[in-house]
K.L.:
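Structure provided below as structure tokens; questions to follow.
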Amino acid sequence: MRTLITHGTIVTASDTFQADVLIDGERIAAIAESLDGPADRTIDASGRLVLPGGIDAHTHLDLPVADFASADDFESGTIAAALGGTTTIIDYATQYRGETLGQAFDTWRRKAEGKAAIDYGFHMAVTDLTAGIEAEMDRIVAEGVTSFKVYMAYPGSLMLDDGAISRALARAAASSALVCVHAENGLAIAELVARALAEGHTTPRYHALTRPVELEREAVGRAIALAEVGRAPIYIVHLSSADGLAEIRRARGVQVLAETCPQYLLLSDRLYDAPGLEGAKYVMSPPLRPPGHQDALWAGLASGDVQVVATDHCPFTLADKSRGRDDFTKIPNGAPGIETRMSLIYDAGVRTRRLTLNRFVDVTSAAPAKIFGLYPRKGTIAVGSDADLVIFDPERTVQLSAAAHHMRVDYSLYEGRSVSGVVETVLSRGRVVVENAAFVGRAGHGEFVRRASGTPAPLS
Ligand code: URP
Ligand code: ZN
């Protein structure tokens, strides 16, 4: 199958130019000012941008939480991702206490196989680091799972102490793998939560009040210190605050990479003031921050101190959220976002001139590909790269709404918000999976991608 995309404006992290793109099978075969096939199918991209498929490096599909799970599984979640212009996700496989990493890997492969509509990789969240598990980290890297996650939050379940984090950093560095860090001080948060509940404070607002900015700043600083001592690179996930960003800027002698998410760029903690359960929609960790932090994060993205925008997509329905009606600690943490990332960042980043068009492609696709061992197979438009492409209409405007989205969740963080910049057509390894903004792919098309290990390629 040969597909020709004509008259589009190609945008990569480094270049913007008019060209045609010829796809042969799953790969890009030629890029030139004018190509005339032969092709089985021609797509006219006049007036459109042709972007490398988005890479969402932080998702939680089918994540077990208490006696239920995040609302999107690998089928619904990856279909929503494709509709939003994302062609690869990296989901967090999670080792629960008492499990081996191999068991967690098998569990996540079973969740994804036959269901994913786009390509997927896994990070491995390590929550129980015995000597045997340390040795197993090397084997997981050899399987193409080349990044790990450690939690400094959630004591008693997911959190690792500083000793275990140091060991994880050393072991990962020895096999050139990267450690992703959820940086919040879990023990101090637990004290604040206990005090709030003892004082009778049960509303969603207290989720934010018990997870203050200072405890992200402290944890980011501590994670960097551990990385510096261990001479191991780290990647801070879902950075939410100016204070955490300031710590990253102070790092010396070790590569400290960072990701933020649309919700931390666009929303503030004022949303927790809404009455009743409304505030529960925004209960996520870290929480939304006071006005002011959002501008700092945009500046961090523009300057390159923050390299990636991912989603931390971890959706729960309003019924799930209502479990915390009388106790904010029972509200499942997480929010939907896998479908809206590209349009939101284009609209709020490029159209406002906070980000150049090339920087937009960088933070949504090229940088996560480079950092997580997918480049240049993914994350760019080049001969030989996977034909993961998005044809994007920069002028069309839509209104975001739960009634229109495809995420399996009955609310949107951005209900009623207009965004200009809309995904029209998406190709995943050469196959059209979205056409006229409708899903035309199939569950099971997505393949597990083995990622390379090694120092992240130079970032632009
Ligand atoms: O609130 C969040 N972020 N839920 C997902 C799990 C995590 O902490 O990343
Ligand atoms: Zn997460």
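Sequence positions, counted from 1, serve as the residue numbers for this chain. Model, not experiment: these values are computed from the prediction. Just follow the structure's listing: the first ligand is 1, and inside any ligand the first atom is 1.
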K.L.:
As an exercise, identify every atom of ligand 1 less than 4.0 angstrom from a heavy atom of His58.
P.N.:
9 (O)
K.L.:
Determine whether any heavy atom of Tyr92 lies closer than 4.0 Å to an atom of ligand 1.
P.N.:
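It does not; every heavy atom stays at 4.0 Å or beyond.
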K.L.:
For Arg109, does the CZ atom sit with more than 12 other heavy atoms under 6.0 Å from it, leaving out its own atoms?
P.N.:
yes
K.L.:
For ligand 1, which atoms sit closer than 4.0 Å to a heavy atom of Cys314?
P.N.:
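Heavy-atom distances to Cys314 below 4.0 Å select 5 (C).
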K.L.:
Check the orientation of Phe360 and Phe392. Use parallel for under 30°, tilted for 30 to 60°, and perpendicular for over 60°.
P.N.:
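If you compare the ring of Phe360 with that of Phe392, the planes turn out tilted.
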K.L.:
For the ring pair Phe448 and Phe105, is the centre-to-centre distance below 6.0 Å?
P.N.:
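So the answer is yes for these two rings.
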K.L.:
Against heavy atoms of His238, which atoms of ligand 1 measure under 4.0 Å?
P.N.:
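Listed by number with element: 9 (O).
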K.L.:
Could you establish whether Gln263 and ligand 1 come within less than 4.0 Å of each other, counting only heavy atoms on the residue side?
P.N.:
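So Gln263 does not count as touching ligand 1.
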K.L.:
Aromatic ring centroids of His238 and His182 under 6.0 Å?
P.N.:
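That pair passes the under 6.0 Å test.
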K.L.:
Please report which non-hydrogen protein atom sits nearest to atom 9 (O) of ligand 1, along with the residue it belongs to and the distance in Å to one decimal place.
P.N.:
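For atom 9 (O) of ligand 1, the nearest protein heavy atom is His60 NE2, 3.2 Å.
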K.L.:
Just which atoms of ligand 1 are under 4.0 Å from any heavy atom in Lys149?
P.N.:
9 (O)
K.L.:
Answer yes or no for Cys314: is there an N/O/S atom below the 2.8 Å cut-off from the Zn ion (ligand 2)?
P.N.:
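Checking the Zn ion (ligand 2) against Cys314, no N, O or S atom falls under 2.8 Å.
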K.L.:
Just say parallel, tilted or perpendicular for the rings of His123 and Tyr92, cut-offs at 30° and 60°.
P.N.:
parallel
K.L.:
Given atoms NE2 of His58 and NE2 of His60, what angle do they subtend at the Zn ion (ligand 2), to the nearest 10 degrees?
P.N.:
100°
